[in-house]
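For reference, the structure is listed below as structure tokens.
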Amino acid sequence: MDKTESLLTLPPPASTGPTPTDATAAAGPPARGRRDPAWVRPALAALLLATALLYLWGLGASGWANSFYSAAVQAGSESWKAFFYGSSDAANSITVDKTPASLWLMALSVRVFGLNSWAILVPQALLGVASVGVLFATVRRWYGPAAGLIAGAVLAVTPVATLMFRFNNPDALLVLLLIGAAYATVRAVETASTRWIVLAGALVGFGFLTKMLQAFLVIPVFAGVYLLAAPTGFWRRVRQVLAAGLGVVVAAGWWVAVVELVPASARPYIGGSQGNSILELTLGYNGLGRITGAEEGSVGGRGPASGQTGLGRLFDTENGGQISWLLPAALILLVAGLLLAGRAARTDRRRAGLLLWGGWLLVTGVIFSFMSGIFHAYYSVALAPAVGALVGIGVTLLWQRRAPGVPRWQALAATVTLAATLAVTAWWSWRLLGRSPDWYPWLRTAVLAGGLAAAVLLVVADRLARRAVPVLVALGATAALAGPVAYSLQTAATPHTGSIPSAGPAVEGGSGPGRGGFPGGGRMRDGGQNAPGGQNRTDGQLAFPGGAQAPGGQFPGFPGGGQAQGGGQLPGGTVQGRGPAGGGMGGLLDSREPSAELRSLLEANAVDYTWVAATIGSQNASGYQLATGEPVMSIGGFNGSDPSPTLAQFQRYVAEGKIHYFVGGGGFRANGGSSASQEIAAWVAETFEAKTVDGVTVYDLTSGQEG
């Protein structure tokens, strides 16, 4: 056996239990007492260092990234109440539309290091490095260090992972918690440990506090694997899984219970809900509504803004370059690994691992593919650990079947499967790179040629000199990873801002949603975001060629009070320009930096007011709040469609002198929801005198009624 083969050899079978007939038929040994080869630690250190460089290099270029969450981080760094609830402002008018665990880490960082881009984003990058390390440790326990390194490397260079570990959305913490839960499940299966399986449940519960019901997609998989493979009696396994379920409830439910039990008058409004209820948010807008499309007050739901559903969604123009580079390989290797396991014992760990990672991939992938509610391409980062694990496990299992002593037909089948997997991967990378034909076009040809050559040589590897085998392995790995590595490098080199980031270069010619989640594929010129069917220009004009449509509602104000060119209509409403409250600075997807004059106006006598300003929509408010460091009320929450505050509440705040200015623009009303924000804007325009500051309409709410 040459050096390359020895690196990919699986751990020896466990010393207990029946003697296996082949390497896939018995459980691998626990990690305790087993020493890794000398090369493992340097290789792991190199992987983690390279991952850190990829995720940290030039990180500050993205500024506030998603200013919606950055504003909440700023609020949480100044108010412990805002910290606990995840409020959008330190005066606690409304929360973000998610549970707040991911905000806690960033807010603590800002408390220590001050408010800046690095303090917000570095914790996210470190979560990415930790995710790679924990995935390595999880896969290594049953499949050896080589499988763990491959899994970690695939996760690290998956483009959507590079994107999200350099961004401040909740997905980074969610991924780490789910990988941690997988590790705890693996440990639990080894010894039928109640402690470990309860820990797995608790980590999933904290995943709920990060991104709500998405964390629960892995529960049936982890529970099923434990019920199948844990080496203890059936009823004990059932009791342990029920205990793990209790761990989920306790870890997730304590915060929910506090929010529900605290009187509404003593806490901020729950953003994203229509009834000021965290349970409504959990089951509706951020829960079952994502699957059914029934998301009252959302900007998407059924229709083109959510893309085309079906098994091809993860491979389409919008999603393919984010996650699918090695997805075909993962599926092929999953099937091959299960066939190798054959009729293994119930407690066979290697089959259990395949079921764990394969179940994670299939259950989550199918739900992502068919959900009718809001779906964005970056959600697919939740699939990256499973893809990496299956590739690492499958490659190692099949390579090991080429070892001396294995029946020749089995060795040939394993070799052909590996070669076919590599060829399919190279071909799919060629297809994905072809969607950006002007972006390094030579890379596309090199990947296909190198991958096919390596696949052919792999079939005849036994006839090659031993020194040639490492070169062959390097060629195959390069061909398989060149596409996602190139996309990841481009992603790391490009600043990303706004609510709907996307990894990699622009793609063209798709029939699905645009790269920002809108139909038509348009891209904003100033931040990588997209507009329906065209470009969002920095002059505030939105192009809607052909009257591009969006589901159900109104755009009450895009940046600069943008107008639809050519009369593009939206079902249930029209694009609104300078509506009753005039033009504004921000929009639905991103905020803007206010001018020095406007910032000075808002900062004047700020200590005399609870909120220095109020404006429609959280993104609009976040720009002012981050610029001034003072609380800005987000009327209507993220979309401007939440009934917070009502017109009567807003009028009371004004009468009490709590709000200094109202700033026009912002918000997006669709799929129903409250009209309170429009009522407030209309009342302000009718009651107070407007003035324009650098193109932004501002009303002084302390100046008395107009006329």
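Counted by atom type alone, Ser70 and Asn168 present one or more donor-acceptor pairs between their side chains at under 3.5 Å. Using a 3.5 Å distance cut-off with no hydrogens or angles, the side chains of Gln74 and Asp89 do not pair a donor with an acceptor.
Note on ring orientation: taking the six-membered ring where Trp is involved, the planes of Phe222 and Trp360 are perpendicular (angle over 60°, cut-offs 30° and 60°). Relative orientation of the His376 and Tyr378 rings is parallel, given thresholds of 30° and 60° on the angle between their planes. Below 30°, between 30° and 60°, or above 60°: for Phe216 and Phe208 the angle between ring planes is below 30°, a parallel geometry. A tilted orientation is assigned to the rings of Phe84 and Trp255, their planes being inclined by 30° to 60°.
Residues Ser488 and Thr158 form no side-chain contact, since every pair of their non-hydrogen atoms from C-beta on lies 4.5 Å or further apart. Contact annotation: the side chain of Arg111 approaches that of Ser77 to within less than 4.5 Å [non-hydrogen atoms, C-beta and beyond]. You'll find the side chain of Gln274 reaches within 4.5 Å of the side chain of Asp642, heavy atoms only. Within the 4.5 Å cutoff, side-chain heavy atoms of Val189 are placed close to those of Trp142. Ile393 has its side chain out of reach of Leu333: every pair of non-hydrogen atoms, C-beta onward, lies at least 4.5 Å apart. Using a 4.5 Å heavy-atom cutoff, the side chains of Arg141 and Arg349 are not in contact. Using a 4.5 Å cut-off on side-chain heavy atoms (C-beta onward), Thr95 and Pro100 make no contact. In this structure, the side chains of Arg313 and Asn319 come closer than 4.5 Å at one or more pairs of heavy atoms.
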Under 3.5 Å, sequence neighbours excluded: what are the donor-acceptor pairs made by side chains of residues 117-137?
residue: Ser117; atom: OG; partner: Gly63; partner atom: O; Å: 2.6
residue: Gln124; atom: NE2; partner: Phe167; partner atom: O; Å: 3.0
residue: Gln124; atom: NE2; partner: Asn169; partner atom: O; Å: 3.0
residue: Ser131; atom: OG; partner: Leu127; partner atom: O; Å: 2.8

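A donor-acceptor pair under 3.5 Å is absent between the side-chain atoms of Ser273 and the main chain of Leu281, judged by distance alone. Proximity of a side-chain donor or acceptor of Thr210 to a complementary backbone N or O of Phe206 within less than 3.5 Å is detected. With hydrogens and angles ignored, the 3.5 Å screen pairs a side-chain donor or acceptor of Gln625 with a backbone N or O of Val632. Counting only distance, with no hydrogens or angles, the side chain of Arg237 and the backbone of Thr232 share a donor-acceptor pair below 3.5 Å. A donor-acceptor pair is defined here as one N or O able to donate and one able to accept, closer than 3.5 Å; no such pair exists between the side chain of Asp348 and the backbone of Arg346. Formation of a donor-acceptor pair under 3.5 Å by the Arg267 side chain with backbone atoms of Glu260 is not found in this model. Without hydrogens or angle criteria, Ser324 side chain to Leu327 main chain gives no donor-acceptor distance under 3.5 Å.
Around CZ of Phe113, the count of heavy atoms belonging to other residues, nucleotides or ligands within 6.0 Å does not exceed 12. Within 6.0 Å of CZ in Arg236 there are more than 12 heavy atoms belonging to other residues, nucleotides or ligands.
The structure places CG of Leu155 at 11.5 Å from CG of Leu383, a figure rounded to the nearest 0.5 Å.
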